[in-house]
Student: 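A single structure is presented below for examination.
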Amino acid sequence: TATYSTTNGAALLSATSFGYPGDYVMVQLDTSIVLRSVRFYVRDGYGYRGPGLFRIYGTNNASEYASPTWSLAQWTLVHDNAVLRTYKLNNATNEGNQKIPVQPDKGPFSIYVLVVQQLASSASSDGILNLMEWELYGTECRVGTIFSPLAQACVACRSEEHTSELQSP
């Protein structure tokens with residue numbers, strides 16, 4: 001059964017828990033990364049089945065990975081690809097499969113989900129999303145570090161004790 005329209009490539013599915021319709025692919029990494037770019041590879045001859053309009057969300061809540069119904073409050077929108085992407089039909093040269101930059105001001109996350117709202121082309125006679133590979137590129141944040149949007153890097157955590165005194169007027 002087609003999950004995307006064979007006339008315009010748009011998702012036929014109702015909105016996911018993210019409020020964004022389409023099929024999804026989820027990955028859980030061994031460590032948290034600040035996502036900087038992604039790249040998709042589609043099967044040779046099936047470039048029209050690649051992600052055209054899509055969003056990427058991230059979380060660190062492991063219970064969300066196994067949950068059939070997600071809590072939007074647990075996920076952060078990392079990337080909103082609102083411009084229709086196309087893919088070269090021959091992956092042998094990797095042309096057309098360029099890295100897609102992601103603004104690295106979110107994260108780090110260990111779980112990412114790709115939700116595809118529309119296929120790369122409406123030329124699909126079968127209406128099926130098809131990915132051969134989804135590559136994620138980012139900066140690893142190890143235990144004891146946090147992501148600093150200002151530095152655009154993971155920096156060591158400082159544990160400082162703060163005390164305050166209440167003063168009456």
Student: Ignoring hydrogens and geometry, is there a side-chain-to-backbone donor-acceptor pair from Q118 to S5 under 3.5 Å?
Tutor: no
Student: Taking the side chain as every heavy atom from C-beta outward, state whether I111 and N61 have any atom pair closer than 4.5 Å.
Tutor: no
Student: Can you check whether T139 reaches R36 side chain to side chain, under 4.5 Å on heavy atoms?
Tutor: yes
Student: Nearest 0.5 Å, what's the OG1-CD distance between T31 and E140?
Tutor: 4.0 Å
Student: Quick one, F40 with V116, criterion side-chain contact (heavy atoms from CB on, under 4.5 Å). Give me CA distance, side-chain angles, the key distance, then yes/no.
Tutor: CA-CA 12 Å; F40 301 110; V116 179; over 6 Å; no
Student: Of all the heavy-atom pairs spanning I56 and Y112, show the shortest one and how long it is.
Tutor: CG2-CD2, 4.0 Å
Student: For the OG atom of S110 and the CG atom of N60, what is their distance to the nearest 0.5 Å?
Tutor: 4.5 Å
Student: Please check: side-chain N/O of S32 versus main-chain N/O of P108, any donor-acceptor pairing under 3.5 Å?
Tutor: no
Student: Applying side-chain hydrogen bond (donor to acceptor under 3.5 Å, both in side chains), name anything that partners Y57, two or more places apart in sequence or on another chain.
Tutor: R55
Student: How far apart are the C-alpha atoms of V25 and F54, what are their side-chain angles, what is the distance that settles it, and do they pass the side-chain contact (heavy atoms from CB on, under 4.5 Å) test?
Tutor: CA-CA 11 Å; V25 176; F54 60 89; over 6 Å; no
Student: Any idea which heavy atoms bring V83 and N81 closest together, and the distance?
Tutor: O-ND2, 2.6 Å
Student: Would you say that L114 contacts L131 through its side chain, given a criterion of any heavy-atom pair below 4.5 Å between the two side chains?
Tutor: yes
Student: Would you check if Y4 and L129 make a side-chain contact, meaning some heavy-atom pair closer than 4.5 Å?
Tutor: yes
Student: Can you name the residues that form a side-chain contact (heavy atoms from CB on, under 4.5 Å) with E135, not counting sequence neighbours?
Tutor: R39, Y41, E133, Y137
Student: Going by heavy atoms in the side chains, are I128 and T3 under 4.5 Å from each other?
Tutor: no
